[in-house]
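As structure tokens, the structure follows; a few thoughts come after it.
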Amino acid sequence: MKNTINNPFNSDLSYALYKTLLKRIPPIKFAPHLEDIVNLLTKALAKGELEVKVEDEFDQTQLKWPGWPESHLEALKKSGWTNNESGPIIFEDNCLSWRRWYEERNDVLKELFDRAKQNKTNCKETIVKFTQSLEKSLNQEQKQAVEAIENQHVIFISGGPGTGKTSTVLKMLERALLLSPDLRIGLAAPTGKAARRLQASLHKGIKTVDAHYQDAILKVSCSTLHKLLQSTQDGFGQNKQNPLNLDLLVIDEMSMVDLTLMKGLLEALTPSCQLILVGDPHQLPPVGSGSVWHYLHENKLPAHLEKSRVHLKKSYRNQGQIAVSSNLLKEKGLNSFFKLLFKSPKTSEVNLKVHICQQSTLPKKLLVQLHYHLNDLKVLTEKLIRKLPENIQSSREMGALEKESEDLFSCLDELMVLCPTRKGSWGVDAIHKAVLGKHFDEKVDQWPQGTPIMCCENLVDLELANGDIGIIMGERKNRWLVFQVMSEKKKLTTRLIHPARLKTISPAIALTVHKAQGSESNKLILLWPNHQSQCVQVNNNSSKKNTYDERLLYTAITRAKKKLDLFLISDI
DNA sequence: ACCGAAAA
């Protein structure tokens with residue numbers, strides 16, 4: 001039953017659920033419209049949405065019975081399925097939702113809001129001294145966040161890429177340690193890659209912190225949320241009975257946390273634990289059901305939360321036209337974005353190029369650029385392997401080879417190719433097939449040297465995370481997978497890994513936008529296959545789809561540091 | 001229609 005609710009990917013499952021409901025909770029008065037309601041709710045849940053808005057319109061493919069929404073609501077009312085305490089469906093604020101998810105979300109929000117109500121008190125003198133030292137390094141919004149640590153029990157920090165979220169967190173940790181030096185701090189993120197990135201940027205900025213507190217911050221290790229909570233198949237090892245021994249916990253990349261994980265987290269906290277939640281509400285929601293972070297930013301919240309919320313607006317990344325259009329997308333939506341795109345910009349630096357393609361075969365320009373890029377990588381791997389000593393051990397540190405390895409990885413960071421989907425003529429797989437040719441269906445050992453690859457599992461002892469990108473180097477017996485990892489000494493080092501040690505790897509010549517979340521490159525090529533359909537669908541039920549596409553596009557283009565090539569398919 | 005994540 002639980003799985004049917006979690007994975008309702010086709011209408012058969014939705015129909016099965018409907019039949020089960022009819023059997024288990026027979027309607028007081030039956031009407032066929034009930035099937036539509038179950039179907040809509042199931043489909044919404046499949047998309048990660050917990051509710052269906054009554055004011056949304058649906059067409060005949062989504063509804064079997066006429067009279068939406070009045071007839072459906074009446075059928076629901078008479079069925080008794082929305083009865084207090086027992087009915088499976090909730091109808092409130094013009095929204096329909098499953099009781100199970102409705103209650104879970106309300107519980108989580110209530111818990112969060114109650115926590116935020118608690119007050120903290122601190123010694124005034126130390127604060128004054130610290131506040132003076134803040135003046136130089138932080139802007140007004142960032143200072144507000146740092147000051148919140150003094151008396152807010154829960155702090156929400158939102159902001160786009162380059163707004164200094166982590167450097168603000170670093171100053172918050174410093175201040176927290178100043179107030180109580182023995183503070184037990186925890187750091188976590190929803191994915192292995194995000195966890196490591198948080199740790200790395202705290203290390204990078206550590207010099208801005210008073211030397212007295214540096215060690216205390218550096219010694220905190222940053223793990224995935226699942227690991228922190230000791231997640232197993234039967235639930236979380238850290239829970240109400242066995243809470244985390246922490247006074248302060250920082251969670252980064254909150255946009256990827258779903259409801260179940262958030263619930264587990266809140267249950268594992270002691271009442272006194274302070275919470276700092278950090279993330280960008282414009283990025284993609286989690287695939288699982290219920291994005292707490294997006295909900296918190298799209299809905300009216302209790303007044304007492306105002307002091308807990310800090311939004312960082314100022315971006316320190318200057319990207320000319322890329323910055324202008326991504327801001328427009330964020331504020332005005334897809335249509336305005338595409339309108340601006342087709343006017344040639346005069347005012348800011350032109351670093352965004354649009355290519356309109358006639359058919360849906362892969363653009364030739366893309367394949368040519370990839371060809372050169374992969375060749376560069378190949379040359380650099382050959383250079384690196386020639387410098388390699390004999391009898392090398394896997395996982396060794398590179399020592400004198402750092403320069404060659406640095407060249408290789410800066411070349412890798414130069415270009416990123418993104419697609420919204422895996423399948424389809426403009427999907428990631430199509431690009432891999434086009435580039436790898438006959439090698440596509442073969443094993444890794446057949447892929448050519450210089451091919452970028454992605455590690456698809458978290459391997460803590462190898463210091464590799466899911467989503468890490470490396471390169472194939474060498475041939476046959478002398479073949480290695482080269483990665484850059486954060487070593488125990490918190491230094492970026494090159495690591496050679498024997499191909500047999502990684503069970504799940506995939507080519508990484510192109511990536512899905514989802515996978516690229518958190519990565520950046522100087523130059524970005526984005527294939528966006530269906531822009532015209534979005535410009536046409538303005539007012540029907542596509543508002544939710546549009547927010548999804550908006551976030552997808554926003555996430556994609558903000559990966560570009562210097563240049564963006566956007567490929568679109570022409571409407572003709 | 002499409003897109004993940006984590007753990008043992």
Side-chain angles (χ1 to χ4, degrees), chain A residues 6-11 14 42-49 59 61-62 188-197 222-239 251-265 268 279 283-294 360 418-430 454-461 464-468 503-504 506 510-519 526-531 533-534 537 541-542 544-556 559:
Chain A
N6 274 325
N7 293 311
F9 284 116
N10 61 47
S11 50
S14 165
T42 312
K43 286 209 174 109
L45 200 58
K47 284 190 282 179
E49 288 150 15
D59 59 32
T61 60
Q62 291 153 301
T191 68
K193 208 171 149 192
R196 209 196 34 202
R197 204 170 48 239
C222 183
S223 63
T224 62
L225 256 173
H226 285 85
K227 191 159 274 176
L228 181 79
L229 299 175
Q230 295 176 26
S231 164
T232 64
Q233 275 181 338
D234 317 314
F236 298 110
Q238 304 275 174
N239 48 41
I251 312 285
D252 198 6
E253 297 287 359
M254 271 300 292
S255 58
M256 291 194 256
V257 176
D258 67 22
L259 195 57
T260 315
L261 190 54
M262 194 62 197
K263 188 181 171 195
L265 169 70
Q283 291 215 17
L284 295 166
V287 178
S289 290
S291 171
V292 184
W293 196 241
H294 293 98
S360 53
L418 297 185
C419 313
T421 63
R422 278 191 181 283
K423 299 208 166 71
S425 56
W426 273 23
V428 169
D429 287 349
M454 181 184 281
C455 164
C456 300
E457 54 197 316
N458 288 326
L459 298 163
V460 179
D461 43 331
L464 279 183
N466 184 352
D468 279 349
K503 286 179 204 84
T504 41
S506 63
L511 308 175
T512 60
V513 179
H514 281 81
K515 275 283 187 188
Q517 245 188 128
S519 315
L526 173 62
L527 299 189
W528 195 257
N530 53 352
H531 84 283
S533 60
Q534 284 137 21
Q537 304 173 4
N541 60 5
S542 61
K544 277 195 179 152
K545 178 189 168 29
N546 274 339
T547 42
Y548 176 76
D549 281 341
E550 236 170 76
R551 291 205 170 104
L552 194 66
L553 189 57
Y554 175 79
T555 306
R559 304 303 100 206

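The sequence lines fix the lettering, A, B, ..., with proteins before strands; numbering per chain opens at 1.
- Under a 3.5 Å cut-off, the side chain of A:Asn458 and the backbone N or O of A:Asn466 do form a donor-acceptor pair.
- The NZ atom of A:Lys43 sits 18 Å away from the P atom of B:dC3 (whole-angstrom rounding).
- The distance from atom CH2 of A:Trp426 to atom C1' of B:dA1 is 18 Å, rounded to the nearest whole Å.
- Shortest non-hydrogen contact noted between A:Ala189 and A:Ala195 is CB-N, 3.5 Å.
- Using a cut-off of 4.0 Å between Lys/Arg side-chain N and Asp/Glu carboxylate O, A:Arg196 and A:Asp468 are scored as salt-bridged.
- Within the structure, every side-chain polar atom (N or O) of A:Thr224 is placed at least 4.0 Å from both OP1 and OP2 of B:dA5.
- Between the CD atom of A:Glu550 and the P atom of B:dC2 there is a distance of 22 Å, rounded to whole Å.
- Note on A:Lys515: a side-chain N or O is less than 4.0 Å away from OP1 or OP2 of B:dA5.
- For A:Tyr548, the listed nucleotide lying nearest its side chain is B:dC3; candidates were B:dA8, B:dA5, B:dC3.
- Taking every heavy atom of both residues into account, A:Pro190 and A:His226 meet most closely at O-ND1, 4.4 Å.
- The nearest whole Å value for the distance from the CZ atom in A:Arg551 to the C1' atom in B:dC2 is 16 Å.
- Pairing analysis of DNA chain B (Watson-Crick: purine N1 to pyrimidine N3 plus N6-O4 or O6-N4; G-U wobble: N1-O2 and O6-N3; both under 3.5 Å) yields no stem of 3 or more pairs.
- At a threshold of 4.0 angstrom between heavy atoms, the contacts of A:Pro286 with the nucleic acid are absent.
- Per the geometry, CD belonging to A:Glu49 stands 15 Å off P belonging to B:dA1, to the nearest Å.
- Minimum heavy-atom separation, A:Leu228 to A:Gln238: O-CG, 3.4 Å.
- Comparing B:dC2, B:dA7, B:dG4 by their nearest atom to the side chain of A:Thr421 picks out B:dC2.
- In this structure, the NZ atom of A:Lys227 is 14 Å from the C1' atom of B:dA5, given to the nearest Å.
- The residue A:Gly424 sits apart from the nucleic acid: no heavy atom pair falls under 4.0 Å.
- Note that the CH2 atom of A:Trp293 and the CD atom of A:Glu253 stand 11.0 Å from one another [nearest 0.5 Å].
- With hydrogens and angles ignored, the 3.5 Å screen pairs no side-chain donor or acceptor of A:Gln283 with any backbone N or O of A:Ser255.
- Of the candidates B:dC3, B:dA7, B:dA5, the closest approach to any side-chain atom of A:Asn466 belongs to B:dA5.
- Here the side chain of A:Arg422 is nearest to one of B:dA8, B:dG4, B:dA6, namely B:dG4.
- Side-chain proximity of A:Thr512 to the nucleotides B:dA8, B:dA5, B:dC3 is greatest for B:dC3.
- Regarding A:Lys193, its NZ atom lies at a distance of 13 Å from the C1' atom of B:dG4, rounded to whole Å.
- Per the geometry, CG belonging to A:Asp234 stands 19 Å off P belonging to B:dA6, to the nearest Å.
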